[in-house]
Structure formats: structure tokens, C-alpha cells
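Predicted model, so just to flag it, every value in this text is computed and none were measured. All heavy atoms count here, side chains included; hydrogens, waters and symmetry mates do not. We number each residue from 1, following the sequence as shown.
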Amino acid sequence: MSGAPLKLAVVAGEVSGDLLGGDLVAALKRRYDGPIELIGVGGEALEAQGLRSLFDYSELSIMGFIQVIKRLPKLIARIRQTAEAIIAAKPDVLVIIDSPDFTHRVAKKVRKALPGLPIVDYVCPSVWAWKEYRAQKMLAYVDHVLAVLPFEPAAMQRLGGPATTYVGHRLTVDADLLETRRLRALRGLASADTQKTILLLPGSRASEIRQLLPVFERATEELSRRNDNVRFLLPTVPRQEALVRALVGNWQVKPDIVVGQDAKWSAFAKADAAMAASGTVILELGLAGVPVVSTYKTEWLAKFVLSRIKIWTAALPNLIADYAVLPELINDVLRPGMLVRYMERLANDTPERAAMLAGYDLVWERMQTQEPPGDKAAQIVLDMLAHKKTGHL
């Protein structure tokens, strides 16, 4: 496709969305024979493609009902600022990426002012998990959804939402993950070493870390009492390193703390099993082939809305495989003794370990696509622009 300059509005609210946006714009540049002008909100990946973000998007990286309430006035102001800037720019297409509490509100305002503007939602919101009515409401301001999980197109169709295409997940083409898979394949299904390596992954947010580390501490003590020659690795992100070191400073059995993405993938390659916070890291571990137990403790206020969640599991590998590939321990069920016994079974050559790894193989197979996610997403955006020009959007 070639022609006049393409003006693309893009709004990403978190690091993961920024990375998806960067991949998308890079793919658009390879396919579009003309200059591409960017306007919107994003981080390093989108800025590397030429975006000058309207503000520091780290302001939007908040989680939990209580945190959102505290930041509500600022969020409302940023929604208005972003929508007004996009409306004034009159772009050819708007791509909103994940962070629906922010991006969807921007899209609604933009659609009202620019009803003919194509709007693409990259990353399907979890309408299949709770508030299913959101799927139909999206018809008013989203023309196409780019899904990163293979079961989402069928879910959106069932719920009466916008047209949805599975474009693939960037983890399946991530160089670090692919190298980790290669290294784990070389070492065999289970480490031949007498020493076992257990990963502790309490999450990347301070609230998660404070909730989970005390449980992990008791689990490491009991594992060490029951087993000879076991070590613990605790990967964390730079911004949480000080907190993690402070919280584990008085542990009887101290884990080796490693910091940064390279250290994380190195730890994945060495691990025999992991206990981890529920979230994207569970999918990362699954695709890398690390047996894991998913753990989570909710904020006290969030417990009151748990009954509204319709999905049968929060673990993405389970949803993709459509059966319980891995166990989840949440709130009162999250007990150190249960973690200990799962780690003992999963870190050794047992039927439980073999069954989980077989489930991971199914997940990997179902997530494959013929072309990289960014390329497939870019082609859908360009097709929408072509349809707009012919009046068939």
C-alpha cells in the first residue's frame, strides 16, 4: 500500500502495550510505502518509532480498585487531554492498546467527535472473564479487535462483540523466550543435578510482593527442611529491587535475588519449578516449559467483587488448553504447605511434571500463527484503511 502520509493515533497504557505498539508501527513502516506520522501516548518502543508521547505513560500503570480510586481525577484529566489531542489531529486511524480503563474511554470520546474514524483495539479486554456486557458495548466505538489469545475470537462472537482476529502473541516470537526454550530442551525434561532450583516470582507490583513474599518465605523454610540441596532464585525488576531485598533480609533461607530481564530469562533456563504471582508471567513460564503453581492474594476490597468473575480459571495456559494444566492457589487456599508439596512433585521426574509439560506443548501449538503478530496486526490496519477509502468499513 502506498500513497499520502499516514497519520496514526496510538494509545498504549503500559509497557506490554507499548511493546505491541512498537511492533505494529515497525510492521506498518515495512508495508506502507510512505511516511507515517504518530500521535498519542506510549513509551520507549513507540517513541523509538517516532512518537512524542503526550505525557509520561507510566502514570497509567496502576492496578487494583483502591489505587484507581485514588488516581481518578488525574486519570480523567489525561483521558480528556488524549482524546482532545487526537480529535484535533484528525488521524487516519486510531489504535488503542490494552489498558481498557484508559484507552476505551479515550476511544469513546474520539468516536463521538470523529464518527468516521476507524478504531482498532489491540488486545481484547477480558470480557470473557467478567462484565460480559462490555463486548456488545464495544460495537459503538471499536471496529476491529486484534486478539493475542487464540480463544478470544470465538468468545467475542459468542458475546456479540466487534469483529475479532487472533493475530498471535509476541511471546511466541520473543528472542529471549525462544532461547530459553532451546536451553531447556538441551538440559532435558528435568535437571539431572542433585540440586533443585526453585523460582520465586512474587510479581512486579509492590502490593503483590508484600502479599506473596511472606507465604513464599514459609514455603522455602519447609522445602529446605524436607529436602537436601535445594536453592531458590528470586528474579525481580529494578524498580522493586530495594523492596524485595528489604523483605527477604531476615529470611532464614535466603534466595539469590537477580535483577532485570536478562537475569530473569537466565533463571527460567535453570529452573526445575516455580511458584509465581498470577499474571502474564504464568504464560511466560508455560511457554518456556517451567512447571509452576500460580498464586494470588487479592486486596481486601476486591474480594467483594470476586463473585462477578465468570471465568473458571485466571491462568492463561489453562484457558488456552481449555483444561487445568497448572494449579492455582488463591487467598485462603494459598498455604505454604500446599506450595511445598507441589514444588516437590513438579521439580522431579513425576507424572505431575510430565502432565504439565504435555499441557504446555498443547498451549504452544495453539498459539502459533503463520506470520509474526505485528505483521498480521499491521495488515489488518491497512486493510481497514483501504476499506474506509472505498466506503466499506
Looking only at non-hydrogen atoms, find the nearest pair between [X] and [Y] and report the distance.
X	Y	result
Ala274	Val290	CB-CG1, 4.1 Å
Ile87	Lys109	CD1-O, 3.9 Å
Gly42	Leu51	N-CD2, 3.6 Å
Tyr323	Ala355	OH-O, 4.4 Å
Ser224	Phe232	OG-CE1, 3.6 Å
Leu139	Gly160	CD1-O, 3.4 Å

Min side-chain heavy-atom separation [X]-[Y] under 4.5 Å:
X	Y	result
Tyr57	Glu44	no
Phe268	Val281	yes
Asn227	Lys196	no
Val127	Tyr133	no
Thr103	Ile97	no
Leu213	Glu217	no
Leu212	Leu334	yes
Val292	Leu201	no

Between atom [atom1] of [X] and atom [atom2] of [Y], what is the distance when rounded to the nearest 0.5 Å?
X	Y	atom1	atom2	value
Glu47	Leu38	CD	CG	11.0 Å
Gln157	Thr164	CD	OG1	9.0 Å
Met156	Arg158	CE	CZ	11.0 Å
Leu285	Met275	CG	CE	12.0 Å
Leu287	Thr180	CG	OG1	11.0 Å
Glu14	Asp98	CD	CG	6.5 Å

Does [X] share a hydrophobic cluster with [Y], counting links as ILVMFWY side-chain heavy atoms below 4.5 Å and allowing steps through other members?
X	Y	result
Tyr32	Leu146	yes
Val41	Ile39	no
Val253	Val258	no
Val173	Val363	no
Val237	Leu283	no

List the steps and the verdict of side chain to side chain contact (heavy atoms under 4.5 Å, CB included) for Leu319 and Ile311. CA-CA 9 Å; Leu319 289 168; Ile311 206 69; 3.5 Å; yes
Any donor-acceptor pair under 3.5 Å from [X] side chain to [Y] backbone:
X	Y	value
Asp92	Leu8	no
Thr295	Ala276	yes
Arg353	Asp272	yes
Ser126	Trp128	no
Arg111	Leu117	yes
Arg366	Ile320	yes
Arg184	Ala271	yes
Asn318	Leu326	yes
Arg341	Gly337	yes

If you count the non-hydrogen atoms of other residues, nucleotides and ligands that lie under 6.0 Å from [atom1] in [X], is the total more than 12?
X	atom1	answer
Asp228	CG	no
Glu352	CD	yes
Gln368	CD	yes
Lys29	NZ	yes
Asn250	CG	no
Lys254	NZ	yes
Arg226	CZ	yes
Lys7	NZ	yes

Pair Phe151, Asp322 - check side chain to side chain contact (heavy atoms under 4.5 Å, CB included), show working. CA-CA 9 Å; Phe151 60 84; Asp322 197 30; over 6 Å; no
From Glu132, Met138, Gln136, residue fulfilling side chain to side chain contact (heavy atoms under 4.5 Å, CB included) relative to Leu159: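 Testing each of Glu132, Met138, Gln136 against Leu159, the sole residue satisfying side chain to side chain contact (heavy atoms under 4.5 Å, CB included) is Glu132.
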Apply the side chain to side chain contact (heavy atoms under 4.5 Å, CB included) test between Leu234 and each candidate in Asp256, Leu200, Leu199; give the one that qualifies.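 Only match with Leu234 under side chain to side chain contact (heavy atoms under 4.5 Å, CB included): Leu200.
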Scan side-chain atoms only and decide if Thr313 and Glu328 contain a donor-acceptor pair under the 3.5 Å cut-off.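 Distance-only check passes for Thr313 and Glu328.
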For the residue pair Thr350 / Asn348, report whether a side-chain donor-acceptor contact shorter than 3.5 Å exists.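 Side chains of Asn348 and Thr350: no pair found under 3.5 Å.
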Please report, to 0.1 Å, the donor-acceptor pairs under 3.5 Å made by any side chain of residues 369-378, with sequence neighbours excluded.
unit_1, atom_1, unit_2, atom_2, d
Thr369, OG1, Glu371, O, 2.8
Glu371, OE1, Arg31, NH2, 3.1
Asp375, OD1, Arg30, NH2, 3.1
Asp375, OD2, Arg30, NH2, 3.2
Lys376, NZ, Tyr166, O, 3.1

State plainly whether the residues Arg182 and Glu179 are in salt-bridge range, i.e. N to O under 4.0 Å.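 Salt bridge between Arg182 and Glu179, a charged N being under 4.0 Å from a carboxylate O: yes.
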Using 4.0 Å as the upper bound for N to carboxylate O, is an ion pair formed by Asp174 and Arg181?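 Between Asp174 and Arg181 there is no salt bridge, as every charged N stays at least 4.0 Å from the carboxylate O atoms.
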Is there a side chain to side chain contact (heavy atoms under 4.5 Å, CB included) between Arg78 and Gln81 once you walk through the steps? CA-CA 5 Å; Arg78 290 305 194 190; Gln81 174 192 359; 2.6 Å; yes
Taking ring pair (Phe, Tyr, Trp, His ring centres under 6.0 Å) as the definition, give me every residue that meets it alongside Tyr141, ordered by chain and number, with sequence neighbours left out.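 So Tyr141 forms a ring pair (Phe, Tyr, Trp, His ring centres under 6.0 Å) with His104.
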Please step through side chain to side chain contact (heavy atoms under 4.5 Å, CB included) for the pair Ser207 and Lys297, ending with a clear verdict. CA-CA 9 Å; Ser207 58; Lys297 281 197 168 186; over 6 Å; no
